[in-house]
Number of protein chains: 2
Amino acid sequence: MKTAYVFAADGSEEVETLAPVDFLRRAGVSVQLIGLKSKNVELSHGVRLICDKELSDVEGGELPDLVALPGGLKGASEFHSSKKLEDFIRRQMDSGKLVSAICASPAHVLSKWGITAGKKWTCYPGCESAGDKLSPGRVVVDGNLITARGPGVSLEFALALVEALCGSKAAKDLAAGTLTVVAG
Amino acid sequence: MKTAYVFAADGSEEVETLAPVDFLRRAGVSVQLIGLKSKNVELSHGVRLICDKELSDVEGGELPDLVALPGGLKGASEFHSSKKLEDFIRRQMDSGKLVSAICASPAHVLSKWGITAGKKWTCYPGCESAGDKLSPGRVVVDGNLITARGPGVSLEFALALVEALCGSKAAKDLAAGTLTVVAG
């Protein structure tokens, strides 16, 4: 069975956090929702979640097949300031396993850690720094890096994660079953 | 300030529950996430939420400007079996205030309570009963009733709720700011 960790911090964006959990679980992936500092997180618009685990429970363990970092400005800032998360994501990226991020997190987390260097990627327009070059597209896949633009792209982002882990037929079936339209 | 209650039960669908909370709060609506039997709910794909209130806290009180019922087969069944919720939603409908539902809930909750009678509405294809007539469209608005088809329509459903409460400019601005595409 494929495995995924979706990280959440205080201030992570609601739909960007839960669309990947929802769609990956629908596709049969074993997903753990991982709180950055605690299992209890309050998302960017006040929704309170109880995560499955916290980062300290998994940081030294086996890597999952995919990790996902939702956006939300405050949540992305929390992610960026965590050395434990940086070490984990760097280990994931270096292993060739899948790394994904959406909205503020590709620019404010992955790019600032140098993890996007040499890769095609995107983020929420305006979150990029002066030196960042964004690729066109609502979702951009380059090797083991999957990035997407913002909350309105959450369902397409989640489908792209399913496609990367489970194949294009699984993603097409899920899009049809959930009535999700990919805007391209 | 406009007000909305989004209801959640064990088995409610994740994105259908939280996209309305997220987008309505972005638009400045005062949203309460209301657990049917408890503030603690476990959604259809295992995500655990702590709601703001539970139904018994608000059942006799002032009606909000809008109520939303997410789908999820188990969640819709929980909604349908609650006489307290039926009384609340019937009072909301009779008052002319906005009632909305998505996926399984228009058919398995509102139609079974007789609340869709004489209205145009839709639901997840196949959830309707033999006597139900569904209208075309991913989101259907008829007077104070707003219904939508399924999880992949959640963001468009949330935008339709914003439009109904806050006007078309607010909905257009929110679609642009969140990069949400309406499939039509």
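We name chains A, B, ... by the order of the sequence lines, and we start the count at 1 in each one.
Residues Val162(B) and Ile102(B) share a hydrophobic cluster, clusters being chains of Ile/Leu/Val/Met/Phe/Trp/Tyr side chains in contact below 4.5 Å. Tracing side-chain contacts under 4.5 Å through hydrophobic residues (I, L, V, M, F, W, Y), one never reaches Leu66(B) starting from Phe79(B); they form parts of separate clusters. Put simply, Val67(A) and Ile146(A) are part of two different groups of oily side chains (I, L, V, M, F, W, Y) that touch within less than 4.5 Å, one to the next. Taken together through direct or relayed side-chain contacts under 4.5 Å among Ile, Leu, Val, Met, Phe, Trp and Tyr, Val58(B) and Leu63(B) form part of one hydrophobic cluster. Residue Leu36(A) is grouped with residue Met93(A) when hydrophobic side chains (ILVMFWY) are merged at heavy-atom distances under 4.5 angstrom, including chains of intermediate members.
To the nearest 0.5 Å, atom OG1 of residue Thr17(A) and atom CD of residue Glu14(B) are 12.0 Å apart. To the nearest 0.5 Å, atoms CG (Leu49(A)) and CG (Leu49(B)) are separated by 6.0 Å. Interatomic distance, CG of Leu18(A) versus OG of Ser154(B), reported as 11.5 Å (0.5 Å rounding). A distance of 14.0 Å separates NE2 of His45(B) from CG of Leu33(A), quoted to the nearest 0.5 Å.
Top candidate by heavy-atom pairs under 4.5 Å with chain A, chosen from Arg149(B), Glu42(B), Arg26(B), is Arg26(B). Residue with the most contacts toward chain A among Gly177(B), Pro125(B), Ser44(B), Ala175(B): Gly177(B) (heavy-atom pairs, distance under 4.5 Å).
A donor-acceptor pair under 3.5 Å is formed between the side chain of Arg48(A) and the backbone N or O of Cys51(B).
Summarising the local packing, NZ of Lys120(B) is surrounded by 12 or fewer heavy atoms from other residues, nucleotides or ligands at distances under 6.0 Å.
Of all the heavy atoms in Asn40(B) and Ile50(A), the pair that sits closest is OD1-CD1, 4.4 Å. Closest approach of Val181(A) to Arg138(B), counting heavy atoms only: CG2-NH1, 3.5 Å.
If you measure heavy-atom distances from Cys103(B) to chain A, you find no contacts under 4.5 Å at all. Contact of Val21(B) with chain A is made through the side chain alone, with heavy-atom distances under 4.5 Å.
The closest side-chain heavy-atom distance from Val47(A) to Asp22(B) is not below 4.5 Å.
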